[in-house]
Amino acid sequence: PVQSNRSGGEIKESTLNRYGEIAKTAGLQSEREHLPEITASIKIDKITANPDGDNFLFYERQSEKEQTMLTSKNIRIIIGPEGGFTDDELAMLIDKGFKSISPIKNILKAETAAVVFAGWIQIQLDSQ
C-alpha cells in the first residue's frame with residue numbers, strides 16, 4: 001500500500017495482517033509457486049524502481065493504450081488510489097523508472113484495478 005495525496009493514511013496493523021492472510025490463502029488456493037507479500041504502507045516518494053526487472057505504473061489517463069511485453073519475471077507494479085495520482089506524483093514515478101501504461105480503455109476502481117492488472121501481468125508471464 002502506498003500513501004499519496006489522494007489516498008488514506010497508514011494502514012492499521014490489524015488490517016495489514018488481514019490483507020496478508022487473504023493474500024496467503026488466495027495464493028495457496030491458486031497453487032502459486034510464490035505467495036504474495038503485503039508489506040506496510042510507504043509514502044509515495046519512498047518508492048523505488050526495481051533495477052533488475054520491469055517497473056509499470058498503471059495510469060488511467062494514458063492517451064495511448066499499450067500492450068507492453070514483459071522483459072523479466074521480476075516485476076514491480078504501481079496502481080493509483082481512487083482519483084489517481086497527481087501530476088507531480090506521476091512525473092516523480094516516471095523519473096524513478098516506472099513506465100506509464102494503460103492496457104485497457106476503462107477507468108477502474110483501485111481494488112478492481114489491482115485484480116485486473118495482476119491478472120494481466122500473469123497472462124503476460126504465462127504467454128512467454
Side-chain angles (χ1 to χ4, degrees):
V2 175
Q3 299 169 35
S4 67
N5 285 335
R6 295 184 180 142
S7 68
E10 284 189 52
I11 294 177
K12 295 179 191 174
E13 187 173 339
S14 61
T15 302
L16 192 61
N17 290 337
R18 186 172 56 98
Y19 289 167
E21 286 300 315
I22 290 168
K24 179 181 175 184
T25 301
L28 290 170
Q29 285 177 341
S30 59
E31 300 177 356
R32 305 219 14 124
E33 284 183 40
H34 305 285
L35 295 178
E37 180 184 354
I38 308 295
T39 60
S41 62
I42 62 171
K43 293 184 180 182
I44 192 166
D45 61 339
K46 302 295 183 204
I47 291 176
T48 58
N50 183 347
D52 300 321
D54 291 321
N55 299 284
F56 297 115
L57 165 64
F58 290 98
Y59 180 58
E60 73 278 1
R61 303 280 183 214
Q62 184 76 22
S63 59
E64 277 185 40
K65 303 303 174 206
E66 288 189 41
Q67 292 298 321
T68 300
M69 296 307 294
L70 303 178
T71 61
S72 171
K73 288 188 177 187
N74 194 355
I75 303 162
R76 187 166 291 174
I77 65 173
I78 297 178
I79 297 168
E82 299 294 329
F85 290 118
T86 65
D87 291 342
D88 289 342
E89 290 170 335
L90 180 64
M92 178 191 58
L93 292 169
I94 291 170
D95 285 347
K96 287 185 174 208
F98 287 88
K99 182 175 182 181
S100 175
I101 63 170
S102 183
I104 65 172
K105 64 181 177 179
N106 301 78
I107 295 175
L108 304 172
K109 292 187 65 62
E111 58 271 5
T112 305
V115 173
V116 167
F117 295 129
W120 181 82
I121 293 289
Q122 189 62 54
I123 290 168
Q124 297 292 315
L125 288 170
D126 288 349
S127 67
Q128 290 184 344

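Heavy atoms only: backbone and side chains are in, while hydrogens, waters and symmetry mates are out. Index from 1, following the sequence.
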If only atom types and distance count, is the side chain of [X] paired as donor or acceptor with the main-chain N or O of [Y] below 3.5 Å?
X	Y	answer
Asp54	Ile75	no
Arg6	Gly80	no
Glu89	Ile44	no
Lys46	Val2	no
Asn55	Arg76	no

Please report the interatomic distance [atom1]([X]) to [atom2]([Y]), rounded to the nearest 0.5 Å.
X	Y	atom1	atom2	result
Ile94	Phe85	CD1	CZ	11.0 Å
Asn17	Lys12	CG	NZ	13.0 Å
Leu16	Ser41	CG	OG	7.5 Å
Phe117	Ile123	CZ	CD1	11.5 Å
Asp88	Ser4	CG	OG	12.5 Å
Lys96	Leu57	NZ	CG	12.5 Å

Just wondering, are more than 12 heavy atoms of other shown residues or ligands nearer than 6.0 Å to [atom1] in [X]?
X	atom1	result
Glu13	CD	no
Asp126	CG	yes
Lys73	NZ	no

Taking every heavy atom of Leu70 against every heavy atom of Gln124, the minimum-distance pair comes out as CD1-CB, 3.4 Å
Heavy-atom nearest pair, Ser100 first then Leu90, reads OG-CD1, 4.5 Å
query: How are the rings of Trp120 and Phe56 set relative to one another: parallel (under 30°), tilted (30 to 60°) or perpendicular (over 60°)?
result: perpendicular
Give the cluster check for [X] versus [Y]: same hydrophobic cluster or not, with ILVMFWY residues linked at side-chain heavy-atom distances below 4.5 Å.
X	Y	value
Phe58	Leu125	yes
Ile42	Tyr19	no
Ile78	Ile38	no

Note to self: Could you go through Glu82 and Glu111, starting from their C-alpha distance and side-chain angles, then the distance that decides it, and tell me whether this counts as side-chain contact (heavy atoms from CB on, under 4.5 Å)?
What the structure shows: CA-CA 9 Å; Glu82 299 294 329; Glu111 58 271 5; 3.7 Å; yes
